[in-house]
Asks: 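Below you'll find the structure I mean.
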Amino acid sequence: MSTILVTGGTGTLGVLVVDRLRNAGHEVRALSRHAPEHPVDLLDGGGLDAATAGAQVIVHCASNTRGGGRDDETATRHLIDAARRAGTVTNIVYISIVGVDVVPLGYYRTKLKVERLLEASGLGLTILRTTQFHDLVAQLVDTAAKLPLVPVPVPGGVRVQPIAVGEVADRLAELAVPTPSGRVPDMGGPEIRTLPDLARTYLTATGRHRRVIPVPLAGKAYAGFKRGGHLTPSHAVGHLTFAQFAAGRGQGR
């Protein structure tokens, strides 16, 4: 079994990856600023050398959307440097997003820069791009529903292909092996639906009978989403639908 680091190991995705790897018998080091065993600050590199010592695989889930994700570049540079110093890391598995090379959103551009940093590092690399998580769509709708407006406003003309975070965690755990795979096939949710349609599904499932109004937005990023650059219909490999996800959220309320 391998010694595996998981950055962002206490986050929505990272915690699931950690659980799956530990259940498979691996020694797993879950990294975050407040992790009890491996406290690491990726922005200054503090604690990274101790965490990477003897590790074979790194699953890089840590990310910060603030400021367009600019901190992700700094964090990844520190991770690459630590992996080189360790001398034992043969595979860095990076979770990216479908459309980072097509949709001109600031955060997507940063994810693409991180991909390129890792590709240029000379280290073994595996990149998995997925569509948005069900949780992100739910968060967007929850935020919109808190606005003091009777109809819930959501971006119109945008289709989404959400996927279950647990299914992505399963795939990352499969890829977390000493041999790198390069850029692997994208991973998309089982169906493509409009964002207003998903919002209605989620609100109804969670007991909020609210009208939804599609709102047109401006900008190149919005145009990129309208064109579907973030979709991967030929890789609709997910199983859990958004309606099933929403029903589960509704039962938990």
Side-chain angles (χ1 to χ4, degrees), residues 1-2 4-32 34-35 38 57-65 72 91-100 107-108 111 126-143 159-177 181 183-193 195 197-199 201-206 230-253:
M1 293 298 173
S2 304
I4 302 174
L5 271 65
V6 180
T7 71
T10 58
T12 300
L13 174 61
V15 70
L16 298 180
V17 174
V18 168
D19 285 346
R20 283 152 173 74
L21 290 172
R22 283 180 175 159
N23 289 338
H26 297 288
E27 178 192 341
V28 182
R29 301 171 185 173
L31 309 190
S32 74
H34 307 294
H38 299 284
V57 180
I58 298 174
V59 183
H60 189 18
C61 297
S63 188
N64 186 349
T65 59
D72 286 6
N91 187 16
I92 297 179
V93 183
Y94 181 58
I95 177 68
S96 191
I97 307 171
V98 171
V100 292
Y107 180 59
Y108 279 30
K111 296 290 281 188
T126 300
I127 295 176
L128 172 66
R129 291 182 182 177
T130 75
T131 53
Q132 292 79 12
F133 298 158
H134 291 316
D135 307 71
L136 180 62
V137 177
Q139 182 182 15
L140 186 155
V141 178
D142 281 334
T143 300
R159 294 165 296 148
V160 190
Q161 189 181 357
I163 191 167
V165 64
E167 294 177 359
V168 175
D170 290 339
R171 180 64 174 139
L172 287 175
E174 291 174 355
L175 295 169
V177 295
S181 299
R183 168 86 184 276
V184 298
D186 294 344
M187 189 174 184
E191 57 184 3
I192 297 174
R193 295 171 58 187
L195 192 51
D197 187 28
L198 292 175
T201 296
Y202 183 67
L203 290 169
T204 299
T206 52
H230 59 302
L231 306 175
T232 181
S234 61
H235 295 96
V237 297
H239 299 286
L240 187 76
T241 67
F242 186 77
Q244 292 168 329
F245 163 85
R249 282 290 184 92
Q251 291 172 1
R253 283 181 172 247

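Just so you know, these numbers use all the heavy atoms, side chains as well, and skip hydrogens, waters and symmetry mates. Note that the numbering runs from 1 along the sequence shown for the chain.
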Asks: Measure the spacing between OG1 of T131 and CE of M187 and express it to the nearest 0.5 Å.
Replies: 8.5 Å

Asks: Between H134 and V165, is there a side-chain heavy-atom distance shorter than 4.5 Å?
Replies: no

Asks: Can a donor-acceptor pair be found, under 3.5 Å and without considering hydrogens, that links the side chain of Q132 to the backbone of V137?
Replies: no

Asks: I want to check something: taking the side chain as every heavy atom from C-beta on, are L198 and V160 in contact at a cut-off of under 4.5 Å?
Replies: yes

Asks: If you define the side chain from C-beta out and look only at heavy atoms, does anything of V57 sit under 4.5 Å from V177?
Replies: no

Asks: Can you measure from CG (L172) to SG (C61) and round to the nearest 0.5 angstrom?
Replies: 5.5 Å

Asks: CD1 of I92 to OG1 of T126: how many Å apart, nearest 0.5 Å?
Replies: 9.5 Å

Asks: Does a side-chain heavy-atom distance below 4.5 Å link R193 with R159?
Replies: no

Asks: What's the spacing between T130 OG1 and R171 CZ if we round to 0.5 Å?
Replies: 12.0 Å

Asks: So with a 6.0 Å cut-off around CD of Q244, is the heavy-atom count from everything else above 12?
Replies: yes

Asks: Please determine whether side chain to side chain contact (heavy atoms under 4.5 Å, CB included) holds for the pair L175 and L128, giving the CA-CA distance in whole Å, both sets of side-chain angles, and the decisive distance to 0.1 Å.
Replies: CA-CA 9 Å; L175 295 169; L128 172 66; 4.2 Å; yes

Asks: What's the spacing between R183 CZ and R129 CZ if we round to 0.5 Å?
Replies: 3.5 Å

Asks: Main chain of G99, side chain of H230: is a donor-acceptor contact present, judged purely on distance under 3.5 Å?
Replies: no

Asks: Hey, does the side chain of E167 reach the backbone of L240 with a donor-acceptor pair shorter than 3.5 angstrom?
Replies: yes

Asks: Quick check against the 3.5 Å criterion: does R20 have a side-chain atom that pairs as donor or acceptor with the backbone of L16?
Replies: yes

Asks: List the steps, then state whether side chain to side chain contact (heavy atoms under 4.5 Å, CB included) holds for I58 with V93.
Replies: CA-CA 6 Å; I58 298 174; V93 183; over 6 Å; no

Asks: Using atom types as modelled and distance alone, determine if a side-chain donor or acceptor of T206 lies under 3.5 Å from a backbone N or O of L203.
Replies: yes

Asks: Within this structure, what is the OG1-OH distance for the pair T7 and Y94, rounded to the nearest 0.5 Å?
Replies: 9.0 Å

Asks: Check the pair D135, R249 against salt bridge (charged side-chain N to carboxylate O under 4.0 Å, His left out), reporting the backbone distance first and the verdict last.
Replies: CA-CA 10 Å; D135 307 71; R249 282 290 184 92; 3.3 Å; yes

Asks: Considering only heavy atoms from C-beta outward, does the side chain of I192 approach that of P233 to under 4.5 Å?
Replies: yes

